[in-house]
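Notes follow once the structure below has been shown.
Treat the numbers as computed from the prediction; the structure is a model and nothing was measured. Counting starts at 1 for both ligands and their atoms, following the listed order. Throughout, residue positions are numbered sequentially from 1 according to the sequence presented.
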Amino acid sequence: MKHLINTQNLTTEEINQIYNRASEFEKSIRKANHINAHIVNMFFENSTRTKMSFEMAENKINANKYDFLADTSSIQKGEDLFDTINNLSAIGMNVVVMRHENNDLIENLSKKQYFQEISFINAGSGTLYHPTQALLDFYTMKKHFLTLSDKTIVIVGDIAHSRVAKSNIELLKKFGMKIRCLAPNNLIGEKIEGVEYFTSLKEAFEEVDIIMALRIQRERIQEKIDFDEYIKNYQITKDNLPYAAFLMHPGPVNRDIEISSEVLEMQNARTILNQAKNGVYVRMAILDMILNAQGL
Ligand code: CP
């Protein structure tokens with residue numbers, strides 16, 4: 001694996017390999033010592049979980065990490081991002097972990113020729129890709145259920161603007177899961193083959209195993225959102241949450257919008273923090289595989 005750009009291009013073998021390696025890191029069966037590796041974290045959009053989780057993973061595999069601060073960098077003097085990364089490559093960076101608002105920029109940058117070999121990991125791009133989130137979600141589900149092919153997941157919320165939904169759908173389809181999306185018509189977005197779409201929560205939650213709630217991405221929506229209407233029809237509450245449902249959310253949660261505070265205090269919601277915890281092991285596995293492929 002040279003780069004990690006999206007989940008479409010991953011094979012089930014690669015996904016299982018990441019799962020197994022992450023599990024070995026979690027159980028402390030595997031250790032990694034990448035003292036000669038240099039990783040630069042370039043976040044052009046806000047982040048708490050992904051950024052901190054990558055930093056924790058980089059520390060745990062004994063790599064050298066660098067925080068690129070766009071606001072105080074020479075990008076402010078007009079430098080092109082390709083030229084910036086080419087210089088980072090010349091300085092000796094081996095891996096770029098990047099988050100960017102543009103859907104295709106990270107993929108396009110990964111296809112260019114640099115001064116020295118440099119790998120790209122997509123830490124979230126626009127509304128399309130968030131592969132490390134989907135991989136940590138897969139890890140969290142598989143660790144709990146062992147087999148996913150007979151399970152049904154409902155992804156509920158702002159599907160239209162969610163890179164988490166799209167990356168999860170592409171990954172989970174490969175493992176034969178039944179995938180439902182639930183949202184009001186204005187938040188469904190472009191329909192994806194193999195996914196069942198619902199506007200009624202009652203119908204979507206019938207015989208469901210996993211519920212993945214999503215944040216409404218106010219920063220990507222131009223038109224006015226009717227939050228009262230959304231809360232009335234789609235908020236996950238103690239009354240509509242199926243008793244045994246495995247409740248997930250990539251974070252950040254907008255408390256009392258997509259999930260009620262009461263539900264967030266329930267045992268079902270512990271999964272959400274386990275997702276954040278598992279993200280460290282999954283990112284350790286991804287970095288370890290990419291650095292190994294570079295011989296580092
Ligand atoms: N899930 C996720 O990407 O969270 P952050 O935006 O805080 O990184």
Can you tell me how far the CE atom of M212 sits from the OG1 atom of T271, to the nearest 0.5 Å?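 Spacing of CE (M212) from OG1 (T271) equals 10.5 Å.
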When rounded to the nearest 0.5 angstrom, what is the spacing between CD1 in I179 and NZ in K173?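 NZ of K173 is found 7.0 Å from CD1 of I179.
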Show me which atoms of ligand 1 lie under 4.0 Å from any heavy atom of [X].
X: T50; answer: 2 (C), 3 (O), 4 (O), 5 (P), 8 (O)
X: T48; answer: 5 (P), 7 (O), 8 (O)
X: Q133; answer: 1 (N), 2 (C)

Can you pull out the closest protein heavy atom to atom 4 (O) of ligand 1? Residue, atom name and distance to 0.1 Å, please.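 Going atom by atom, the protein heavy atom closest to atom 4 (O) of ligand 1 ends up being R49 NE, 3.0 Å.
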Just need the protein heavy atom nearest to atom 1 (N) of ligand 1, so name the residue and atom and give the distance.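 Ranking protein heavy atoms by distance from atom 1 (N) of ligand 1, first comes P250 O, 2.9 Å.
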Could you tell me whether ligand 1 has any atom less than 4.0 Å away from a heavy atom of [X]?
X: G251; result: yes
X: R99; result: yes
X: E45; result: no

Intermediate values then yes/no, salt bridge (Lys or Arg N to Asp or Glu O under 4.0 Å), R215 and D158: CA-CA 6 Å; R215 179 177 68 88; D158 183 4; over 6 Å; no
Among A276, A123, S47, which residue places a heavy atom closest to atom 8 (O) of ligand 1?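 It is S47 whose heavy atom sits nearest to atom 8 (O) of ligand 1.
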Flag for Q133-N168: side-chain donor and acceptor within less than 3.5 Å: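 Distance-only check fails for N168 and Q133.
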Taking atom types as modelled, find out whether R99 and H130 have a side-chain donor-acceptor pair closer than 3.5 angstrom.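 Judged by distance alone, the side chains do pair up.
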Quick one, Y234 and L187 - any side-chain contact, counting heavy atoms below 4.5 Å?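 Not touching, per the 4.5 Å side-chain cut-off.
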Lys NZ or Arg CZ of R163 over Y129 ring: under 6.0 Å, within 45°: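 Judged by the rule, R163 and Y129 form no cation-pi pair.
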